[in-house]
Engineer: 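I have a structure I would like to understand better, so I am pasting it below and will then ask my questions one at a time.
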Number of protein chains: 2
Amino acid sequence: MLDDATHDLLAQVAALYYEDELTQDAIAAELGLSRVKVYRLLKQARSEQVIQFTINWPVQRASELETRLCQRFGLREALVLRPDSSGHTHTLARVAQLGARFLEQNLRDGMTLTVCLGRSTYEVIHAVRPGFQGHVNVVQAVGSISQATPELDSASLTRELAAKLGGVAHYLAAPMMADSVAAAAVLRSQRDIQRALQLARTASMALVGVGNLDPATSEFARAGYLAAQELADIRAAGGVGDMAGQIFSADGQAYDGEFNSRVIGLRLDDLRAMPAVMSIAIGASKTQAILGALHTGVIDVFCTDGDTAAAVLAAATQVF
Amino acid sequence: MLDDATHDLLAQVAALYYEDELTQDAIAAELGLSRVKVYRLLKQARSEQVIQFTINWPVQRASELETRLCQRFGLREALVLRPDSSGHTHTLARVAQLGARFLEQNLRDGMTLTVCLGRSTYEVIHAVRPGFQGHVNVVQAVGSISQATPELDSASLTRELAAKLGGVAHYLAAPMMADSVAAAAVLRSQRDIQRALQLARTASMALVGVGNLDPATSEFARAGYLAAQELADIRAAGGVGDMAGQIFSADGQAYDGEFNSRVIGLRLDDLRAMPAVMSIAIGASKTQAILGALHTGVIDVFCTDGDTAAAVLAAATQVF
DNA sequence: AGTCCCAATGTGCAAATGTACGCAATTCGT
DNA sequence: ACGAATTGCGTACATTTGCACATTGGGACT
């Protein structure tokens with residue numbers, strides 16, 4: 001991992017470079033190292049997150065959109081980023097920052113948090129600042145995707161988050177999706193998997209992303225679990241999106257096909273029973289998926305940006 | 001101050017540079033600016049703290065020293081940095097990180113925090129990470145020192161902290177020390193000053209440093225309020241240190257001279273009545289001052305490093 | 001012992017960055 | 001309206017940084 005003496009050296013070098021603004025040469029002289037060595041330590045300090053860059057976005061929340069979302073969908077809390085003039089670069093990072101602050105504020109020593117996969121989740125975890133005081137255990141809520149971008153995989157997300165929150169990581173050692181319903185049942189009956197799922201069910205908070213079923217971006221498709229045609233079939237049958245691998249329809253009902261049963265992870269009912277479920281999603285293309293997700297009654301706290309919030313609210317009223 | 005569009009631009013540039021690791025040239029091309037402009041924006045982003053470097057020190061606490069401090073001095077909580085092999089560079093920064101985490105953990109929306117001056121306080125405030133969710137108002141607990149290093153002055157500390165905690169800064173528009181007891185009374189009777197002090201008294205938490213009365217390092221001396229000789233006299237009369245400008249003796253009694261009455265700020269009694277007072281101090285030279293400070297009964301939460309904690313405990317038992 | 005392999009360290013150079021200087025635009029005072 | 005002062009911006013150059021490549025110095029296995 002990262003031994004304590006090394007960690008200290010990395011921190012020292014990073015402090016001298018970034019905080020005291022010494023040159024690499026000066027640091028090398030001070031610590032009796034070569035400049036290249038200092039350069040490499042700095043690089044490592046960044047990659048190991050010994051130094052973190054915290055950007056203070058002029059993050060303003062759009063409170064009237066927040067209250068409208070809360071009222072319309074019965075949310076406990078909504079966090080909506082007020083959109084600003086500049087292009088949407090880093091919008092996700094900013095929304096994730098909102099979500100991360102919520103986590104930091106609401107997690108307490110001894111709590112358990114469960115997480116699943118996805119870019120949004122990744123960004124939230126990334127925005128959680130290290131140095132959290134207390135110990136929060138982190139449980140993986142759905143199985144791993146072998147084909148996924150490694151860093152976006154739920155196992156590595158679990159690990160990173162647990163490290164930041166000073167707790168223990170509990171992995172769900174299973175593929176995200178079994179090849180058949182029967183196989184899924186067998187997997188679920190394994191003691192380790194059962195135990196991990198049970199632990200996840202008793203978590204005090206969950207962090208989930210919302211996926212749409214677009215063949216181009218879906219992790220399902222990328223992982224090879226579902227072909228484009230299957231996704232299209234599911235959409236035709238009413239599926240609009242997924243949370244933690246569970247597909248739901250526009251009115252928030254769990255999708256009826258065998259698909260959901262093949263996924264190894266928490267079910268929508270499990271999530272619904274959880275004290276707090278936080279979800280993050282942005283993007284016009286996700287409007288329908290978000291709408292369905294909000295109708296499931298699973299989500300307690302929802303983070304998004306102003307544009308998405310407005311689109312979701314517009315789509316919601318349009319129906320009726 | 002910093003208008004919103006500029007702030008956004010600074011954040012954008014800082015994000016592209018530090019997080020996405022683009023070169024200044026690339027950023028310039030992307031945003032249609034010259035490279036030098038980007039360089040200047042980056043410089044400004046650093047100076048305005050739009051970007052912050054958070055260093056993750058390998059901070060380990062020495063829990064048995066913590067419990068001994070708590071028991072010996074009746075503290076609610078003690079935070080003691082475990083000393084490690086490396087030289088004591090950045091020890092203060094690390095202790096400050098401990099203190100800052102405590103603040104972040106314990107401050108809640110709507111609370112009021114009161115702060116005073118000193119390098120330790122400065123470091124704690126520096127280590128508080130921006131992006132706190134909620135609004136904590138910050139009140140200046142003692143008057144300003146005109147001669148002090150500007151950034152260590154209590155007014156600017158108040159401003160910076162308020163910005164980080166998303167609250168309003170309330171200044172105590174007065175010099176730290178009046179020229180005579182009578183003048184101090186006049187100053188204190190001013191409506192604005194009265195109001196600020198009253199606000200400070202009702203704060204839910206206070207952050208104070210501990211000064212020793214060493215002519216070489218004392219802010220009093222540097223500010224020209226007290227000559228070296230006066231400091232020596234005070235020490236001879238039993239004064240061992242100060243908190244928020246109030247001098248106390250080794251047994252924790254307020255110093256009896258006129259000095260304390262000339263200071264415009266909270267009194268020790270005010271601090272004693274406060275729900276939570278956090279204090280930070282390190283260094284062998286401060287042992288006696290810290291001992292006195294702990295005996296005042298003012299401090300509820302004390303942060304320091306292992307060496308200082310050990311020295312203080314040793315000195316405490318030695319007396320009896 | 002030999003030799004293969006890996007990791008750690010140093011060298012040299014091209015790219016990126018920091019800054020002094022100068023020019024233009026704008027503000028401010030008279 | 002005029003000039004002084006200030007600010008903002010770009011050019012040019014010195015310094016600093018990133019990185020590809022060479023070198024060294026051990027283990028580990030034969």
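Everything numeric in this text was worked out from a predicted model, so none of it was measured. In what follows, chains are A, B, ... by sequence order, proteins preceding strands, each numbered from 1.
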Engineer: Is the distance from OP1 or OP2 of C:dT17 to the nearest side-chain N or O of B:K43 less than 4.0 Å?
Structural biologist: no
Engineer: Going from OG1 on A:T304 to CG on A:L65, what distance comes out if it is rounded to the nearest 0.5 angstrom?
Structural biologist: 9.5 Å
Engineer: Any Lys/Arg nitrogen of B:D8 or A:R94 sitting under 4.0 Å from an Asp/Glu carboxylate oxygen of the other?
Structural biologist: yes
Engineer: Using whole Å, report how far OH of A:Y18 lies from P of C:dT17.
Structural biologist: 11 Å
Engineer: Would you indicate, yes or no, if D:dG10 has its OP1 or OP2 atom less than 4.0 angstrom from a side-chain nitrogen or oxygen of B:S34?
Structural biologist: yes
Engineer: With a 6.0 Å cut-off (strictly less than), is the heavy-atom count around CG of B:D179, excluding the residue itself, greater than 12?
Structural biologist: no
Engineer: Roughly, in whole Å, what's the span from CD1 in A:I27 to C1' in D:dT16?
Structural biologist: 12 Å
Engineer: Applying side chain to side chain contact (heavy atoms under 4.5 Å, CB included) between A:V124 and each of A:L207, A:L98, A:L161, A:V115, report the one that passes.
Structural biologist: A:L207
Engineer: Is there, by distance only and without an angle test, a donor paired with an acceptor across the side chain of A:R40 and the base of C:dG10 below 3.5 Å?
Structural biologist: yes
Engineer: Measure NZ/B:K37 against C1'/C:dG18 and give the value in whole Å, please.
Structural biologist: 17 Å
Engineer: For the helix from C:dA1-D:dT30 to C:dT30-D:dA1, what is the angle between the axes at its two ends, each from 5 pairs, rounded to 10°?
Structural biologist: 30°
Engineer: Look at the side chain of B:Y17 and decide which nucleotide, out of D:dA12, C:dT17, D:dT17, has an atom nearest to it.
Structural biologist: C:dT17
Engineer: From the set C:dG12, D:dG10, C:dT11, return the single nucleotide nearest to any side-chain atom of A:R35.
Structural biologist: C:dG12
Engineer: Could you tell me the separation between the OH atom of B:Y39 and the P atom of D:dT11, rounded to a whole number of Å?
Structural biologist: 17 Å
Engineer: Please give, in whole Å, the distance from D:dT17 P to B:E21 CD?
Structural biologist: 15 Å
Engineer: Over how many whole Å does the gap from A:D25 atom CG to D:dG18 atom C1' extend?
Structural biologist: 13 Å
Engineer: Are A:R46 and B:Y18 linked by a side-chain donor-acceptor pair shorter than 3.5 Å?
Structural biologist: no
Engineer: Is a side-chain donor or acceptor of A:K164 paired with a backbone partner of A:I125 at a separation under 3.5 angstrom?
Structural biologist: yes
Engineer: Rounded off to whole Å, could you give me the CD-to-C1' distance for the B:Q24 and C:dG18 pair?
Structural biologist: 8 Å
Engineer: Determine whether the aromatic ring centres of A:Y17 and B:F53 lie less than 6.0 Å apart.
Structural biologist: no
Engineer: Roughly how many Å is it from CG in A:L16 to P in D:dT17, rounded to a whole number?
Structural biologist: 13 Å
